2 protein chains.
Amino acid sequence: MPIAKRRKEDVTVKLIAVFKQLIAEGTLEPGGRLPAERELAESFGVSRSSLRQALKVLEIMGVISQRVGDGTYLNKGADAILREPMEFLILLDGISAHELMEARLLVEPELAARAALRASEEDIAEIHKELRAMEAAKDDHAKFVAHDLLFHQAVFHAAGNRVTSLMFSVVHKSLDKLITMTSQVVEPEHTLTLHRRIYQAIRKRDQDESRRRMTEHLVDARDLLSRAAEKQSHFQMAARIQTLKKKEPRPSR
Amino acid sequence: MPIAKRRKEDVTVKLIAVFKQLIAEGTLEPGGRLPAERELAESFGVSRSSLRQALKVLEIMGVISQRVGDGTYLNKGADAILREPMEFLILLDGISAHELMEARLLVEPELAARAALRASEEDIAEIHKELRAMEAAKDDHAKFVAHDLLFHQAVFHAAGNRVTSLMFSVVHKSLDKLITMTSQVVEPEHTLTLHRRIYQAIRKRDQDESRRRMTEHLVDARDLLSRAAEKQSHFQMAARIQTLKKKEPRPSR
DNA sequence: CGGGATTTATTGGTAGTACCATTCCCCTCA
DNA sequence: TGAGGGGAATGGTACTACCAATAAATCCCG
């Protein structure tokens, strides 16, 4: 009798629960290697097919990494873990870039204030580093935006809370493309000025000003993005994949 | 030749990308029914095994629902979509309850202020409803905590940002058990008083007070939780599952 | 003719097998 | 001592067979 036998849960769901516990209790350690699929399947008393489904879920979520000919490993940190789910969340709930920016606007100012309060010298140096990287990449939009977001990540890190940091790294990634498009019609120096003010405020350990400067920047960015999004909406209609044929509510039979 | 043939991506990964696009372009609509697995596999030119892996990923993430004998359906809203990933995130990065509470403390006060600003009459009624539900459940810890969290969810909803709302619903769920334990050593009336103040402040449309009252409550809760967590740490060593045997860095062969 | 019970086809769930390409380890040989 | 080759192990995919749950179609009886 495999695993347990609660309710009517999938074997897959049970397996995932088992892995969760194994990680929680330390039997599996980040970076560690898991037994081969064939062995695992046998010791769990399930087929390899079922086991693979569970492993695939974990891999897509970024919990583990699988390499042919090598093995399966438990990932260490997992920044990417929320990425896929987040994308679907945005798709399914129809969350717009505007709403994502609103979320940033709600959270990031407070985090900037917190950063001003508890940033270490290294944190501040890191923020400064990203600022200079932005200056150096004025002409490369993609690079410029990448360092823009890293700047914000550095502020998150300085604020010292990984939960918000991880959550909003996903939000940032979701906005990446759109921001890159926007950046092409905005003077880099404009963006830089706003970032410099934030950096200076944090450096001065001025919580109120940090909060205000971050708000100032994000309000500006939000409005720019909204306008860009309007223009882009015309291009929404992409090439279709016709592979999928039916989608009726259950064909008669 | 199945799907496409970029790089060395899994068939599973490709399939997920395809589904993502099908959802994005509207070929698949929330609530709609997907073709049977056998049909889908054929039209995509992949085996059912591979297709099922992709579908399983989507199901666990909460994107779709599968029912034997019935079919596969695309979910509408997806509150639960971040749940599993978030749990692993907490596990892998070793995030503590304290850090989760810190995250709440960073975000929820600002959201309370926003709620005071833009809550509709219905929103305020909903918050009040949860407050009364808490009062009615003074003696049932689990129920009391459930409505406690729903109270906060209602505040989120009133603030009007789904992104933060969805993200923190996961944080709340992660904290649920621990809060329930804590609530057993705290006078319910104490918690109620703090919640009433928040409600009154939002009702008065007083942003500053809403922010302060929410901070007051969460600071209190955080400290209670930290103390409870200390006591609990002794019980961390749970029964182990010995099914998994090996975890060495690649057995010699 | 109507409605409940039954049959039947469909669907997702699981197991198992076979084969492939990749990767790594170890052994051999120069 | 070093380089190369062979073999074993690993994850990836496909295919088959069967099970259990579901819902639609059918039958049967009042």
Side-chain angles (χ1 to χ4, degrees), chain A residues 1-19 32-60 63-75 245-253, chain B residues 1-19 32-60 63-75 245-253:
Chain A
M1 188 170 11
I3 306 301
K5 227 180 181 182
R6 300 173 185 172
R7 301 178 185 181
K8 292 180 182 179
E9 287 178 335
D10 278 7
V11 172
T12 307
V13 175
K14 291 184 203 165
L15 285 175
I16 290 178
V18 171
F19 280 115
R33 183 172 183 275
L34 277 66
E37 291 186 348
R38 290 163 178 86
E39 291 180 38
L40 267 181
E42 192 188 359
S43 51
F44 284 147
V46 301
S47 69
R48 187 155 88 106
S49 328
S50 299
L51 177 71
R52 276 185 60 76
Q53 285 184 31
L55 290 178
K56 209 67 203 174
V57 173
L58 296 181
E59 200 203 12
I60 302 288
V63 178
I64 61 174
S65 296
Q66 295 190 291
R67 286 189 294 275
V68 288
D70 187 355
T72 303
Y73 296 85
L74 186 62
N75 289 159
K245 297 164 189 170
K246 309 171 186 176
K247 56 168 182 172
E248 296 80 21
R250 185 176 187 88
S252 65
R253 55 186 177 186
Chain B
M1 190 172 7
I3 306 303
K5 226 180 182 181
R6 299 171 186 174
R7 301 178 185 182
K8 292 180 182 178
E9 287 179 336
D10 278 6
V11 173
T12 308
V13 175
K14 292 184 203 165
L15 285 175
I16 290 178
V18 171
F19 279 115
R33 183 174 182 275
L34 279 67
E37 291 186 349
R38 291 163 178 86
E39 291 179 39
L40 267 181
E42 193 188 0
S43 50
F44 284 146
V46 300
S47 70
R48 187 153 89 103
S49 329
S50 299
L51 177 72
R52 276 185 60 73
Q53 286 184 31
L55 290 177
K56 211 66 202 175
V57 172
L58 296 181
E59 200 203 11
I60 301 288
V63 178
I64 61 174
S65 295
Q66 295 189 293
R67 285 189 294 276
V68 289
D70 188 354
T72 303
Y73 297 85
L74 186 61
N75 288 160
K245 297 166 189 169
K246 308 172 185 176
K247 56 167 181 173
E248 297 80 22
R250 185 177 185 89
S252 66
R253 55 187 175 187

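If you're wondering where the values come from, they're calculated on a predicted model, not measured in any experiment. Convention: sequence-line order gives letters A, B, ...; per-chain numbering from 1.
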In whole angstroms, how far is the [atom2] atom of [N] from the [atom1] atom of [X]?
| X | N | atom1 | atom2 | result |
| --- | --- | --- | --- | --- |
| A:Glu9 | D:dA21 | CD | C1' | 17 Å |
| A:Gln53 | C:dT14 | CD | P | 7 Å |
| A:Glu37 | C:dT17 | CD | P | 16 Å |
| A:Leu34 | D:dG11 | CG | C1' | 13 Å |
| B:Arg38 | C:dT11 | CZ | C1' | 6 Å |
| B:Glu42 | D:dA14 | CD | C1' | 14 Å |
| B:Glu39 | C:dT10 | CD | P | 10 Å |
| B:Arg48 | D:dA14 | CZ | C1' | 13 Å |

**Message:** Between A:Ser49 and B:Arg67, which residue's closest nucleotide on DNA chain C lies nearer the 5′ terminus?
**Reply:**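 Checking each residue's closest nucleotide, the 5'-ward one belongs to B:Arg67.
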**Prompt:** Is the phosphate of C:dG13, meaning OP1 or OP2, less than 4.0 Å from a side-chain N or O of B:Gln66?
**Reply:**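 Answer is yes, contact under 4.0 Å.
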**Asked** Heavy atoms under 4.0 Å, any strand shown: does A:Arg52 hit a base, just sugar-phosphate, or nothing?
**Response**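 If one applies the 4.0 Å heavy-atom cut-off, A:Arg52 turns out to touch a base.
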**Prompt:** So what does B:Ser50 touch, heavy atoms closer than 4.0 Å: a base, only the sugar-phosphate, or nothing?
**Reply:**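 B:Ser50: backbone/sugar contact only, no base atoms under 4.0 Å.
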**Request:** Can you sort out the partners of B:Ser49 under side-chain contact (heavy atoms from CB on, under 4.5 Å), two or more places apart, ordered by chain and number?
**Result:**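 In terms of side-chain contact (heavy atoms from CB on, under 4.5 Å), with neighbours along the sequence ignored, B:Ser49 is linked to B:Ser47.
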**Request:** Quick one: list whatever passes salt bridge (Lys or Arg N to Asp or Glu O under 4.0 Å) with A:Glu37, sequence neighbours left out.
**Result:**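 A:Glu37 satisfies salt bridge (Lys or Arg N to Asp or Glu O under 4.0 Å) with A:Arg48, A:Arg52 once adjacent residues are dropped.
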State the [atom1]-[atom2] distance between [X] and [Y], to the nearest 0.5 angstrom.
| X | Y | atom1 | atom2 | result |
| --- | --- | --- | --- | --- |
| A:Ser65 | A:Leu55 | OG | CG | 11.5 Å |
| B:Thr72 | B:Gln66 | OG1 | CD | 4.0 Å |
| B:Glu59 | B:Asn75 | CD | CG | 8.5 Å |

**Most 5' of A:Ala36 and B:Leu51 on DNA chain D, judged by nearest nucleotide** =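 Comparing both residues, the 5'-ward one is A:Ala36.
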**Asked** Taking the side chain of B:Ser47 as heavy atoms from C-beta outward, which of D:dT13, C:dG12, C:dT11 is closest to it?
**Response**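 Minimum distance to the B:Ser47 side chain belongs to D:dT13.
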